Every structure is written in structure tokens, then in C-alpha cells.
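One structure is given below, encoded as C-alpha cells.
Heavy atoms only: backbone and side chains are in, while hydrogens, waters and symmetry mates are out. Nothing fancy with the numbering, it's 1 onward along the sequence. Note that ligands are numbered from 1 as they come in the structure, with each ligand's atoms numbered from 1 the same way. This structure is a prediction, so every number in the text was calculated from the model and none was measured.
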Amino acid sequence: MALTLAEFNTAPAEQALQWLDGLYEHSPWIVERVLPQRPFQSLAQLKHALTQVVSQSGRDAQLGLIRAHPELAGKAMVSKSLTAESTNEQGKAGLTDCTPEEFARIQQLNADYNARFGFPFILAVRGPRGLGLNRHEIIETFERRLHNHPDFELAECLRNIHRIAEIRLNDKFGVEPVQGNLVWDWQEKLAQHSDPGFAELGQLTVTYLTDAHRACAQRIAHWMREAGFDEVGIDAVGNVVGRYHPATAGARYLMTGSHYDTVRNGGKYDGRLGIFVPMACVQQLKAQGRRLPFGLEVVGFAEEEGQRYKATFLGSGALIGDFKPEWLDQQDADGITMREAMQHAGLCIDDIPKLQRDPAAYLGFIEVHIEQGPVLNEKDLPLGVVTSINGSVRYLGEVIGTASHAGTTPMDRRRDAATAVAELALYVEKRAAQDGDSVGTIGQLQVPNGSINVVPGRCKFSLDLRAPNDAQRDALARDVLAELAALCERRGLRYTLEETMRAAAAPSAPALQQRWEAAVSALGLPVFRMPSGAGHDAMKLHEVMPQAMLFVRGLNSGISHNPLESSTNEDMQLAVDAFAHVLNHFTAV
Ligand SMILES: [Zn+2]
């Protein structure tokens, strides 16, 4: 019989401790310290409390916890002296069936890792879906993490320990993230479609209207029908639109969704998570035979990333009447115009203007998205509520000095363009950090025709500045531009600067943001508010209707636009639960 939360909440401490025995390897003190916080309203709250105990326990206790774990496929496994939990996990990951070469490789990695960090390598070998990583994935992760900074790696071990505990806790409570698994599996299946040139390398690339892209649209549409949507269609720009009708005809709709295109060699969850989470909710509603007092429109946006053509947010743009006809003449790298690609796909170009939605027919737009940053992962928080999508401004510039002999030009007589840009980069770093939530980047810094023995006479650079509101962004830009002028003046240089892009911030609508906050709270999780550093489809809908976003934690420091992008079935379940909470408590119609 599986344990229930009510039993756990009311049992004598000794009994509760015994039930959770083995949750953290040889470290009962962690469970012991959360017991006074009972009753817990949810397993998610208990899990979070456990992470807090460890994060507040100090470095020595954390090292002790890590060292209480056995090495992967190490001596303890060979001599069969692992705990029952570890035997099960290492066995499931196939570590007991290593080839002699794999076994030797893991032993070498164990030795190198221990020599570098002084503690054993910890990996939740049951992985983000709970079914077990394969030996290849394990060895690859081991090799990658060997290069991490020691402080980061210590934190990464603790995060893996919490993931191991989470899976063990689910086993004890007989809990399975059913919708989380469904969402995870949908994403896995969708990732089977990738553009030629990338598919062969095992990389995920789905750009606008390629065969893989159109296959994705078909599959999403198919799964929407299977989930029980009342209407499913692919519109004139390739968006997949599913509608779940309201209880009463004529009621307004809540719109949600995200994009299914990807960057080149991207992750499986960027965008797609925001399509599948609401689909899982509709599947539940349908299964329960329930209708909401409002309709739900889930849109899989065809294009957001601007990879094949320069147009970005094409899918969401079309819904707000912002599809620019001149885009149709843009050509991809092979000279195929967007018009040709759309005709080839059988899309009705003439119908694009009809896609524009009447905002009065909608309650607003909400979007779930993987965070694409390290914050939630670092804070051991599965969900974050977005306060605003950052406004941004971009420039391309060049500083011009004098190219001169590196040997004969004294240091006080140089007109070095590259050191000026380097000084600007240091200023941007300091000035953006001052705001707390602004970011500034000089991502390109290039000395044209530079030479090892020549003082740089020219330096080209890019500048990207972002902040949660336009005033803060503009103040940041003003200071950075003033610094550029001042340092060029001081160094006897001149410069050019061209603004190439400016996007307004999209602050979340307070009423919608509060719905996400209430949902996160109801799950027993702390409400953590954060701006979105990246642009999202919600930014386009923001122009015509209220919007608010929910972020889901990413693994591997939240890395995104990268195949290492990852999230767990458990976090996806929480996203589904939060979404369902918003739907069930959305009263204004
Ligand atoms: Zn995205």
C-alpha cells in the first residue's frame, strides 16, 4: 500500500521518518528537519522544503550528503554493497551490464572526477522521464560535467540528489506524473521530425514549412483531435489551432499556445511545452466530460524563431494582423521565396488577413514556456511567474582609431579601437548589473584585418540591452551611449553607431499574472516572480490583449537553443496542474 500525504502529515515523527527512510542516501537528518513543518499541502511542497533544508545546511553538511553516495558503477556496485534504492537505480540504467570498455571508461571518469572535485559524481540515472538514462547518455554527461566549475558542480550534484529523492518519494507515495509523462512523450515524439542535414546528425532543427515542419503540424493536429478538441485546423500561415468549446455558445475564449518551430540544433521543449501543457488539460476536461464557462483556443504557432526567413513571430503576428506582405518575397538560403514555400505547403496566402482575431472575443493570452535561463534551476523552484517580457534595443557600431606598429607605438600614444570596445564591454557589465534585472551584452567584437603586430585601428561591435520596462531600458541605453562617447573622447577615437532593433517591453497584465500566482500557490510552491529575458509569442499578442506567462525550470543550468535543453516529467506535471488551476478558477467571462 502506498503512503498517503495525510498519513505522513499526522504520523508520529519516528514513524514518518521510518517511512521516508532511504530518501536521501544515508542522510536521515534531511527528512528529520522537515518534519516540524508538517502538515504539507502537497508533495511538491514537501519536496521544496527538503531542498531548502539542504540549501540552508552549510557546505560541510552538503559535502557530507554528496559523499554519502556511492560512485557510479563503482566498487560498491561491484561488491554488491549498494543500498536497495541505489541497486535498483544503477541496475535500471544498465550500469550492471556495462561492456568492459564502458566499465573502464566510467572507472577512469570516477577517478578524474574525484581528483578534481573531491567528491563522487552524482547523477539521477533514472533521468528526466524517470525511466532511466542509457549508458551512452550517462558517460556523455559525466564527461561534460568534469569541465564544470567546482562550485557549480557541487550545486549540480545536490540538484541531482534532489531529483533522485523526488523519484524515490513518488515511488513511496505511489504517485505518477501521468500528464507530465504525456507531455514529455509528445515532445519526444515530435522531436523525431528534423530538417535534412540535421536529422542525420541526431540534431533537432525544424524551420518554417520544411517537410519536418509540416509533419510536426500534422502530428500536433492529430494529437489535438485525439485529446478531444472540438475543432482542429491548420491555418493560412501554418499555425495549428485547436478549439475546445465553452459550455455556452457565444462565450469568449482564452487563448494560449507557443511555437513548434525550432532554432538550428535546438531543444525539444522550447515552444512546444506551451502547446502540449494546455493540450493535456483539454484531454483531462474531455475525459471528465467537462466544459468551461469560456472556450479555450490552443495555438501551435508555426514560426517564432526567424531561422529560414528573416521574419520572426510570423505565426503570432498573423493573429494580430501584423503579417507583412513584403515578407512573402523574402528568400531562404536556397533562393526559395516564402510565397513559394507557402504555395508548396498548400497554404491559402489570400486568407492570411482573415486570421486576425477580434480581441473583444478573447479573455486574454497565457503562455507556458521553458525558462531558457538558470534562475529557477539554481533556486530549486519548478515554476516561475513572469512579470514582464523584457524590452530590448540593439545597435551595431564601430570604433575607429589608428592602426600602428605594435612595437614602436608607446602605450600613451595609442589610438586602440579594440581596448575602447573592451572598456565599453566592462562598463555595460557593471551598469546593467546595477539595475538588478537589466542585461547588456557585447556579443560581437571584431577587429577587421587585425594582425598580431598591429594596434587595432578599427573595432566593430554589437550591443544588446534589455530591461523589464522601457524606461529602465532607455536609461540603461542612455548611460551606455554616454560612456561610449566619453571614452572615445578620452582615448582620442571616433565611432559610429546604428540602432538596428527596438522592441517594447510587455509587462504581464496584473489580473492574469495573479492567476498564475494563485495557481503556483495552490500547488504549495512559493511564488517566484521574474522577468523574461527572451522574446516570446506572448509579446505579439500583448499588442492587442492582456497576457501573462508561466516559466518552467530547465535542467543543465536552464540551457536552451541547445540540445542539452531539458526538463522533467515532474515539472511538466506541475505546469499542467498550474494550468488546470488557472482554467478552473477563471471566472470572468
Ligand atoms: Zn521559444
Side-chain angles (χ1 to χ4, degrees), residues 183-184 186-187 190-191 193-195 203-208 212-213 216-217 220 237-240 255-279 298-320 365-377 383-386 388-392 439 464 466 501 503 505-506 508 530-542 547-567 571-572 575 579:
V183 169
W184 209 93
W186 271 334
Q187 284 162 129
L190 201 66
H193 303 283
S194 185
D195 289 351
Q203 297 179 354
L204 176 63
T205 302
V206 177
T207 59
Y208 190 50
H213 185 271
C216 286
I220 295 169
V237 295
N239 295 327
V240 187
M255 196 196 289
T256 184
S258 195
H259 59 99
Y260 65 89
D261 68 324
T262 74
V263 295
R264 295 192 170 84
N265 195 17
K268 298 171 186 169
Y269 312 101
D270 176 4
R272 292 145 178 229
L273 183 64
I275 305 170
F276 292 135
V277 164
M279 277 170 60
V298 181
V299 187
F301 293 109
E303 199 288 331
E304 188 255 21
E305 303 279 11
Q307 298 281 304
R308 183 172 176 187
Y309 298 99
K310 274 189 221 123
T312 53
F313 297 104
L314 183 156
S316 43
L319 299 200
I320 66 163
F365 180 81
I366 57 178
E367 180 175 357
V368 175
H369 205 284
I370 192 160
E371 181 203 338
Q372 304 186 280
V375 179
L376 294 174
N377 193 46
L383 302 173
V385 178
V386 177
S388 176
I389 303 170
N390 279 353
S392 58
V439 288
D464 177 309
R466 307 183 193 207
M501 196 273 277
S508 302
M530 62 190 299
S532 167
H536 294 292
D537 291 300
M539 240 167 106
K540 290 309 284 185
L541 278 307
H542 178 87
Q547 61 77 27
M549 293 184 70
L550 180 76
F551 273 170
V552 180
R553 159 171 61 186
L555 305 181
N556 304 319
S557 306
I559 193 163
S560 188
H561 287 183
N562 186 300
L564 286 176
E565 179 186 272
S566 190
S567 177
D571 288 359
M572 290 175 192
F579 202 102

For Arg308, salt bridge (charged side-chain N to carboxylate O under 4.0 Å, His left out) partners two or more places apart: Asp332

Atoms of type N/O/S from protein, distance to the Zn ion (ligand 1) below 2.8 Å: 3

Side chains of Asp537 and His369, donor plus acceptor under 3.5 Å: no

Between His542 and His536, ring centroids under 6.0 Å: no

Student check: side-chain heavy atoms of Val552 and Glu371 closer than 4.5 Å: no

Between Asp261 and His213: side-chain donor-acceptor atoms closer than 3.5 Å: no

Geometric class of the Tyr309/Tyr208 ring pair [parallel <30°, tilted 30-60°, perpendicular >60°]: perpendicular

